Amino acid sequence: MRRRAAIGSLVFLLLAVSAGPAVALPPPGACLTQTRTHDLLPAQPWEDKLLDLARVWPVTRGAGIRVGVVDSGVDNDNPQLRGKVFPGWDFVRDQAGAQFDCAPHGTPVSSIIVGAPIAGTGFTGMAPDARIVPARITDTDQIQGGPQVVADAIRYTVDNGVRVLNLSLTVFTDSPELKQAIQYAQAHDVLVVAAAGNQQQQGNPKPFPAAYPGVLGVGSIDINGALSPDSQTGDFVRLVAPGVKVTGCDPEQGQELWDGTSFATAYVSGTAALVRAAWPNLKAQQVAERLIRTADVARGGAGSAAYGAGIIDPYRAVTDTTVDGPAAPAPVSPIPAPAARRQVAALTAGDRAQQSALVLLGVTAGGLALAGLVLLAVRRRRPSP
C-alpha cells in the first residue's frame, strides 16, 4: 500500500531507549491529525547496508553531540528514541515540551539520526549515542506559519547547545528572518544541514535554507544510486543520501518507509554528528568540507548540479586522515539565554516523565503576514502485502 502526504503552506511550509510504558502521548486536543502506528520492519534496510554503520561505530557513535531538529516534534515514546530526546520547546503552543509528533515527520527524521538498535528490526540510526533537541513548529500536514517562528526555533536549538542543525524543510521565498537565524547558527559554530526540496517537477525553485551560503544542501537517491525524480537540482546541492523507500520510526511504535529529501538530510546530519564526536576540534565548516571531500562519487560525477560532491560516506568521513585542513580548538557550546522562557525549559535528557510536543511545518497563523510559499513533500510507504 502506498500513501502520500503533501506538506505545504502559503506562508512558511516547513518543511532514548529504556523499558517502560508509553508516556509521551500528545496532550488532549494537541493534535489536529491522527497518527497511526505500525509494526517493526524486521529486515536491515538497503540504506543501512549501503552506509555500513557497523564499520563506523567502533570509532564513534556520536556520544556527547546534540542535534537540533526544527520540525513537527519528536515522539520520545518510540522504543528506538526513548531517552534520546530532550524536552525542547513547542512553538505552536508557546510552551515547553516537544516530545510528541502529530504530523508525523520529525519522529522518522530523528530516528534516522539517533535511533537505537533494538530487537525485531534491522533499522538503526546513524549516531545512536547522540541526542535530539527538538523545536516544534507545526502541528499538521498543512499549516500556516511565519518566518519569525522558524527563526526563533533555530535560535532556540542553537542556544541549547546543538552542534548540528537538521532542517528537513524548504522555503521557496528568501526571508531576512530565516537568513539571519542561519547566520546566527553558523556564528555559533553549528553545522546547518538542509533539504534540497522535492519540487523538481514544479520548475525547480530555489530552496531555502539549503541555498544559503555555508549550508549543506542535501538531495535524495534511490537504492540504485539514481537521483530521486522529485529531488531538486542546482548549485545548492552539496551532497546526496538515501531518500527513497527508507525506513524511519513512527510515533509511539513501529516503522514506515519514507520518501523525500527530508530523510536524506537526516542521514547527512547523523554523519555530521559522528564526525563532530570523532573530531571535536574541527569547526563546523571544516566538518562540512570533510563530509564533501570524503563523499563517494555519484552518477553525475563530482560537483554535478544533481548529486553535488556525491553520496555521503560515514566511514570515510570519520576515519579518513588525508582530508586537508588543520584542526581548530574545540568550540565551546553556547550558554542558553536565561531571559526567554522557552530557553530555560528543562533540558535534562529526554526522560519518560516529561510530556511534550514538537512541530514540523508551520505555526498557527494568528495574523502573521504571508512570507512566501514553502513546500515539503513527504511520502510514506508500506511494503505490499
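Worth saying up front: this structure is predicted, and the values here are computed from it rather than measured.
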Visitor: Carefully, step by step, assess F86 and I132 under the rule side chain to side chain contact (heavy atoms under 4.5 Å, CB included).
Guide: CA-CA 6 Å; F86 288 99; I132 298 294; over 6 Å; no
Visitor: Between P128 and W57, is any pair of side-chain heavy atoms under 4.5 Å apart?
Guide: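 Yes, side chains in contact.
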Visitor: Is any side-chain heavy atom of N224 less than 4.5 Å from a side-chain heavy atom of R299?
Guide: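 Sidechains of R299 and N224: in contact.
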Visitor: Checking Y315 against D320: is there a side-chain donor and acceptor pair closer than 3.5 Å?
Guide: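 Distance-only check fails for D320 and Y315.
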Visitor: Between V164 and V190, is any pair of side-chain heavy atoms under 4.5 Å apart?
Guide: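 No, too far: nothing below the 4.5 Å cut-off.
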Visitor: Would you find a donor on one side and an acceptor on the other, under 3.5 Å apart, between the side chain of Q95 and the backbone of W89?
Guide: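 No: the side chain of Q95 does not pair with the backbone of W89.
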Visitor: So, the side chain of D222 versus the backbone of A226: is there a donor-acceptor pair under 3.5 Å, distance only?
Guide: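 At least one qualifying donor-acceptor pair exists.
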Visitor: What heavy-atom pair brings A135 and A153 nearest, and what distance separates the two atoms?
Guide: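 Distance-wise, the nearest heavy atoms are CB-CB, 3.8 Å.
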Visitor: Parallel, tilted or perpendicular: which describes the rings of H188 and Y184, with under 30° parallel and over 60° perpendicular?
Guide: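 The arrangement is tilted - the two ring planes meet at 30° to 60°.
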Visitor: Does any part of the side chain of L167, heavy atoms only, come nearer than 4.5 Å to the side chain of V192, both counted from C-beta?
Guide: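 SC-SC contact between V192 and L167 confirmed.
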Visitor: Do S231 side-chain atoms and S220 backbone N/O form a donor-acceptor pair below 3.5 Å?
Guide: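 Yes.
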Visitor: May I ask you to decide if the ring planes of F263 and H105 are parallel, tilted or perpendicular, using 30° and 60° as cut-offs?
Guide: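 Rings of F263 and H105: tilted, as their planes differ by 30° to 60°.
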Visitor: Check whether any side-chain heavy atom of P251 sits under 4.5 Å from a side-chain heavy atom of P104, and report yes or no.
Guide: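 Sidechains of P104 and P251: in contact.
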Visitor: Inspect the contact between D189 and R276 and indicate whether a charged nitrogen and a carboxylate oxygen are less than 4.0 angstrom apart.
Guide: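 Judged by the 4.0 Å cut-off on N to carboxylate O distance, R276 and D189 do form a salt bridge.
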Visitor: Quick check against the 3.5 Å criterion: does D129 have a side-chain atom that pairs as donor or acceptor with the backbone of G62?
Guide: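 The answer is no, because no donor-acceptor pair under 3.5 Å joins these two groups.
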Visitor: With a 4.5 Å cut-off on side-chain heavy atoms, are Y307 and L239 touching?
Guide: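 L239 does not reach Y307 side chain to side chain.
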Visitor: Look up atom CG in L53 and atom CE in M126, then write down how far apart they are to the nearest 0.5 Å.
Guide: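 L53 atom CG to M126 atom CE measures 4.5 Å (nearest 0.5 Å).
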Visitor: Between W258 and V244 (side chain of the first, backbone of the second, donor and acceptor by atom type, cut-off under 3.5 Å), is there such a pair?
Guide: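 Here the side-chain-to-backbone pair does not exist.
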Visitor: Does T107 offer a backbone N or O that forms a donor-acceptor pair with the side chain of N78 under 3.5 Å?
Guide: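 No; judged by distance alone, with no hydrogens or angles, the pair does not exist.
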Visitor: Could you grab the distance from atom OG1 of T121 to atom CG of D48, nearest 0.5 Å is fine?
Guide: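 If I round to the nearest 0.5 Å, the distance is 8.5 Å.
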Visitor: Does a donor on one side chain and an acceptor on the other come within less than 3.5 Å for Q285 and Q186?
Guide: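 Absent: no donor and acceptor within the cut-off.
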Visitor: Can you check side chain to side chain contact (heavy atoms under 4.5 Å, CB included) on R290 and W279, steps first, answer last?
Guide: CA-CA 10 Å; R290 171 170 281 270; W279 298 81; 3.4 Å; yes
Visitor: Between T157 and D159, is the side chain to side chain donor-acceptor pair (under 3.5 Å) condition met? List the steps.
Guide: CA-CA 5 Å; T157 65; D159 289 340; over 6 Å; no
Visitor: Which heavy atom in V67 sits nearest to a heavy atom in V162, and how many Å separate them?
Guide: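 Distance-wise, the nearest heavy atoms are C-CG1, 3.9 Å.
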Visitor: When you measure from the side chain of Q232 to the backbone of Q199, do you find a donor-acceptor pair of N or O atoms at a distance under 3.5 Å?
Guide: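 Answer holds: yes.
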Visitor: Given V193 and V218, is the side chain to side chain contact (heavy atoms under 4.5 Å, CB included) satisfied, shown in steps?
Guide: CA-CA 7 Å; V193 186; V218 183; 3.6 Å; yes
Visitor: Run the side chain to side chain contact (heavy atoms under 4.5 Å, CB included) check on C249 and Q80 step by step: do they pass?
Guide: CA-CA 8 Å; C249 290; Q80 292 189 272; 3.4 Å; yes
Visitor: Taking atom OG of S111 and atom CG of D75, what is their separation to the nearest 0.5 Å?
Guide: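 Rounded to the nearest 0.5 Å, the OG-CG separation comes out at 11.0 Å.
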Visitor: If I compare all heavy atoms of T247 with all of I112, which pair ends up nearest, and what's the gap?
Guide: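 Distance-wise, the nearest heavy atoms are O-CG1, 3.7 Å.
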Visitor: Is the shortest heavy-atom distance from the side chain of Y156 to the side chain of F91 under 4.5 Å?
Guide: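 Touching, per the 4.5 Å side-chain cut-off.
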Visitor: Do you see a donor-acceptor pair shorter than 3.5 Å between the side chains of T261 and N198?
Guide: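 Yes.
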Visitor: Does the side chain of I113 come within less than 4.5 Å of Y267's, by heavy atoms?
Guide: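 Result no, sub-4.5 Å side-chain heavy-atom pair not found.
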